[in-house]
Visitor: 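Quick one: the structure is below, questions incoming.
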Protein chains: 2
Amino acid sequence: MHSTTKPLPDCTIFLLAKAYQKAHGRFKEILKPYGLTNLQHLVLEGLWYEAGQTAAELGKMLVMDKATLSGVLDRMSEAGWVEKRPDPDDRRVVRLFPTRYADDHKSELIELRKQANEALLARFSVEEQVLLKRFLWDLMEPERA
Amino acid sequence: MHSTTKPLPDCTIFLLAKAYQKAHGRFKEILKPYGLTNLQHLVLEGLWYEAGQTAAELGKMLVMDKATLSGVLDRMSEAGWVEKRPDPDDRRVVRLFPTRYADDHKSELIELRKQANEALLARFSVEEQVLLKRFLWDLMEPERA
DNA sequence: AATTTTTCCTTCGTATGCGAACATTTATCG
DNA sequence: CGATAAATGTTCGCATACGAAGGAAAAATT
């Protein structure tokens, strides 16, 4: 049912990509009924953590390119999840807020994310879960000389 | 210089995505001078592992959608990395081969991939490296009930 | 105050990534 | 044999991703 041999030479980058794709794909299915993508859900979590952030601040928090964020915010604004308010003090800035509609689904959507993470980690022991998270954090750090 | 606090609630899916993006981005820079993308490099490795594969076989080996592969192969064929030959026995099938030009860079490109993986894993002990790879393999498996 | 630099956001171009629909071809089954 | 089913590859549509360039506005510098 599954290819027991390694499909490709020992390539951790490849493994990372596929592990991510699997986890991403599963959560994507869960979110589909809500008309939200993974990234859009992430944006909502970011705004629930702190409303009124600028696109630049949100991009830093979510470690995501501002160019990508621009399109995402457009679609979310269009779909009624996010409201873009111009900053009165700085006309370059747009401040972002979850809409009433988004807040109405807040607890539900946060619960979905929790469950998806638990399902993803259910195959590991508690010790392994801690270790895995540390590994992933370490991987995000710049490489050492 | 870096945000010491977790940017978002404990979300392994997010960590996976960002760890992947970092690793992917680094290798992307390494490949840039060759005019190859990560995925295109992966295709070459797949064809060096076994030349003459069909797009379907290659997609299975690389765990990648045939729709994605179609465009990738077009661009690689256009750029002179891959040759598409029609199968004489099955007119639906196209068989894929690395070009002479690709083979001329084979050892060089494989070495680059090895080095990138070593650099990625250099921050971990040997035991941690083994564990990390096992974790990633496990993550690719379907979730248990 | 005028110039330069920086910041914020958008837009463009290219490359994934994948579901869905399709045409062509092959296999299967009644 | 003929109808149906299945496999292969392409195309379309949508949503990331991100480098690069650009326009507007604010900050810093002289």
Side-chain angles (χ1 to χ4, degrees), chain A residues 13-14 16-29 31-43 53-60 62-79 81-82 84-96, chain B residues 13-14 16-29 31-43 53-60 62-79 81-82 84-96:
Chain A
I13 301 176
F14 175 78
L16 257 181
K18 296 312 168 183
Y20 153 69
Q21 283 175 18
K22 286 281 179 178
H24 187 268
R26 293 193 196 105
F27 194 40
K28 181 181 175 183
E29 286 306 307
L31 288 177
K32 184 180 281 183
Y34 295 83
L36 278 175
T37 66
N38 301 43
L39 191 44
Q40 292 173 1
H41 180 278
L42 196 62
V43 164
Q53 291 188 83
T54 68
E57 290 166 349
L58 191 60
K60 195 168 297 180
L62 305 182
V63 195
M64 124 179 358
D65 196 283
K66 58 188 176 182
T68 304
L69 208 45
S70 187
V72 174
L73 291 173
D74 277 349
R75 286 185 288 273
M76 292 186 74
S77 174
E78 188 71 23
W81 291 104
V82 161
K84 301 164 85 168
R85 300 184 201 157
D87 186 309
D89 299 330
D90 187 337
R91 284 189 291 177
R92 295 171 304 181
V93 171
V94 175
R95 298 202 169 270
L96 304 163
Chain B
I13 301 175
F14 175 78
L16 256 182
K18 296 312 167 183
Y20 153 68
Q21 281 176 19
K22 286 281 179 179
H24 187 268
R26 292 191 197 107
F27 195 39
K28 182 180 175 184
E29 287 306 309
L31 288 177
K32 183 180 282 184
Y34 296 84
L36 278 175
T37 66
N38 300 43
L39 192 44
Q40 291 173 1
H41 179 279
L42 197 61
V43 165
Q53 292 189 84
T54 68
E57 290 166 349
L58 191 60
K60 196 168 295 179
L62 304 183
V63 195
M64 125 178 0
D65 196 282
K66 58 186 176 182
T68 303
L69 208 45
S70 186
V72 174
L73 292 173
D74 275 350
R75 286 184 288 273
M76 291 185 75
S77 174
E78 187 70 24
W81 291 104
V82 162
K84 301 163 87 167
R85 301 184 200 158
D87 186 308
D89 299 330
D90 188 337
R91 284 189 292 176
R92 294 171 302 182
V93 171
V94 175
R95 299 203 168 270
L96 303 163

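Each chain gets a letter, A, B and so on, in the order its sequence line appears, and its residues count up from 1.
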Visitor: How long is the line joining CG of Leu69(A) and C1' of dT11(C), in whole Å?
Guide: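 Spelled out: CG on Leu69(A) to C1' on dT11(C) is 15 Å.
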Visitor: Can you find a pair of side-chain heavy atoms, one from Lys22(A) and one from Lys18(A), that are under 4.5 Å apart?
Guide: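 SC-SC contact between Lys22(A) and Lys18(A) ruled out.
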Visitor: Not counting sequence neighbours, which residues clear side chain to side chain contact (heavy atoms under 4.5 Å, CB included) with Lys28(A)? List them please.
Guide: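 Once residues adjacent in sequence are excluded, the partners of Lys28(A) under the side chain to side chain contact (heavy atoms under 4.5 Å, CB included) criterion are Asn38(A).
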Visitor: Could you state the atom-to-atom distance from NE2 of His24(B) to C1' of dG17(C) in whole Å?
Guide: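 Checked: the NE2 to C1' distance equals 11 Å.
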Visitor: Quick one, Leu69(A) and Val43(A) - any side-chain contact, counting heavy atoms below 4.5 Å?
Guide: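 Yes, close enough: below the 4.5 Å cut-off.
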Visitor: Using a 4.0 Å heavy-atom cut-off, does Lys84(A) contact any base of the nucleic acid, only the sugar-phosphate backbone, or nothing at all?
Guide: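 Sugar-phosphate only.
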Visitor: Hey, does Ala67(A) reach any base, or is it just sugar-phosphate, or nothing, if we go heavy atoms under 4.0 Å?
Guide: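 Ala67(A): base contact, heavy atoms under 4.0 Å.
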Visitor: Among residues at least two apart in sequence or on other chains, which ones pass side chain to side chain contact (heavy atoms under 4.5 Å, CB included) with Asp74(A)?
Guide: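 With sequence neighbours excluded, Asp74(A) shows a side chain to side chain contact (heavy atoms under 4.5 Å, CB included) to Lys84(A), given in chain and number order.
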Visitor: Could you check how far CG of Asp74(A) sits from C1' of dT10(C), rounded to whole Å?
Guide: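 Taking atom C1' of dT10(C) as the reference, CG of Asp74(A) is at 9 Å.
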Visitor: Using atom CG of Leu62(B) as one end and atom P of dA15(C) as the other, report the distance to the nearest whole Å.
Guide: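 Distance check: Leu62(B) CG to dA15(C) P gives 18 Å.
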Visitor: Taking ring-ring contact (aromatic ring centres under 6.0 Å, His included) as the definition, give me every residue that meets it alongside Phe27(A), ordered by chain and number, with sequence neighbours left out.
Guide: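 By the ring-ring contact (aromatic ring centres under 6.0 Å, His included) rule, Phe27(A) matches His41(A).
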Visitor: Taking the side chain of Gln40(B) as heavy atoms from C-beta outward, which of dG17(C), dA20(C), dT16(C) is closest to it?
Guide: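 Among dG17(C), dA20(C), dT16(C), the one nearest the side chain of Gln40(B) is dT16(C).
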Visitor: Just to be sure I understand the geometry, which residues of residues 89-96 of chain B put a non-hydrogen atom under 4.0 Å away from DNA chain D?
Guide: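 Heavy-atom cutoff 4.0 Å gives Arg92(B), Val93(B), Val94(B).
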Visitor: Are Gln21(A) and dT16(C) close enough that a side-chain N or O sits under 4.0 Å from OP1 or OP2?
Guide: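 Checking Gln21(A) against dT16(C): no side-chain N or O falls below 4.0 Å of OP1 or OP2.
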Visitor: Between P on dT7(C) and CD on Gln53(A), what's the gap in Å once rounded to a whole number?
Guide: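 Atom-to-atom, Gln53(A) to dT7(C), this comes out as 18 Å.
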Visitor: Could you check Ala56(A) against Asp65(B) and say which one's nearest nucleotide on DNA chain C is further toward the 5' end?
Guide: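 The answer here is Ala56(A).
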Visitor: Please identify the 5'-most and 3'-most nucleotides of DNA chain D with any atom under 4.0 angstrom from a heavy atom of chain A.
Guide: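 Contact boundaries, 5' end first: dA15(D) to dA26(D).
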Visitor: Given side chains that start at C-beta, do those of Thr54(B) and Asp87(B) come closer than 4.5 Å, heavy atoms only?
Guide: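 When only atoms from C-beta onward are counted, Asp87(B) and Thr54(B) do not touch, as no gap falls below 4.5 Å.
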Visitor: Starting at CZ of Arg26(A) and ending at P of dG17(C), how long is that distance when rounded to a whole Å?
Guide: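 Distance, rounded to whole Å: 17 Å.
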Visitor: Lys60(A) has an atom NZ; how far is it from atom P of dC9(C), in whole Å?
Guide: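 For the pair Lys60(A) NZ and dC9(C) P, the rounded distance is 11 Å.
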Visitor: Side chain to side chain contact (heavy atoms under 4.5 Å, CB included) with Arg91(B): which residues, sequence neighbours excluded?
Guide: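 Arg91(B) satisfies side chain to side chain contact (heavy atoms under 4.5 Å, CB included) with no other residue.
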Visitor: Over how many whole Å does the gap from Phe14(A) atom CZ to dG17(C) atom P extend?
Guide: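 Going from CZ in Phe14(A) over to P in dG17(C) covers 11 Å.
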Visitor: Using OP1 and OP2 only, check whether a side-chain N or O of Thr68(B) sits under 4.0 Å from dG17(C).
Guide: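 No, no such contact exists.
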Visitor: Is it true that Glu29(B) and Lys32(B) have a side-chain N and a carboxylate O under 4.0 angstrom from each other?
Guide: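 Judged by the 4.0 Å cut-off on N to carboxylate O distance, Glu29(B) and Lys32(B) do form a salt bridge.
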Visitor: Are any of the side-chain heavy atoms of Leu39(B) and Thr68(B) separated by less than 4.5 Å?
Guide: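 The answer is yes; the side chains approach within 4.5 Å.
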Visitor: Name the residue closer to the 5' end of DNA chain C, choosing between Gly71(A) and Ala17(A) according to the nucleotide with the nearest heavy atom.
Guide: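 So the residue in question is Gly71(A).
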Visitor: Among dC18(C), dG17(C), dC8(C), find the nucleotide with the atom closest to the side chain of Tyr20(B).
Guide: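 Out of dC18(C), dG17(C), dC8(C), the nucleotide with an atom closest to Tyr20(B)'s side chain is dG17(C).
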Visitor: Just wondering, do Thr37(B) and Arg75(B) contact through their side chains at under 4.5 Å, heavy atoms?
Guide: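 A side-chain contact under 4.5 Å is absent here.
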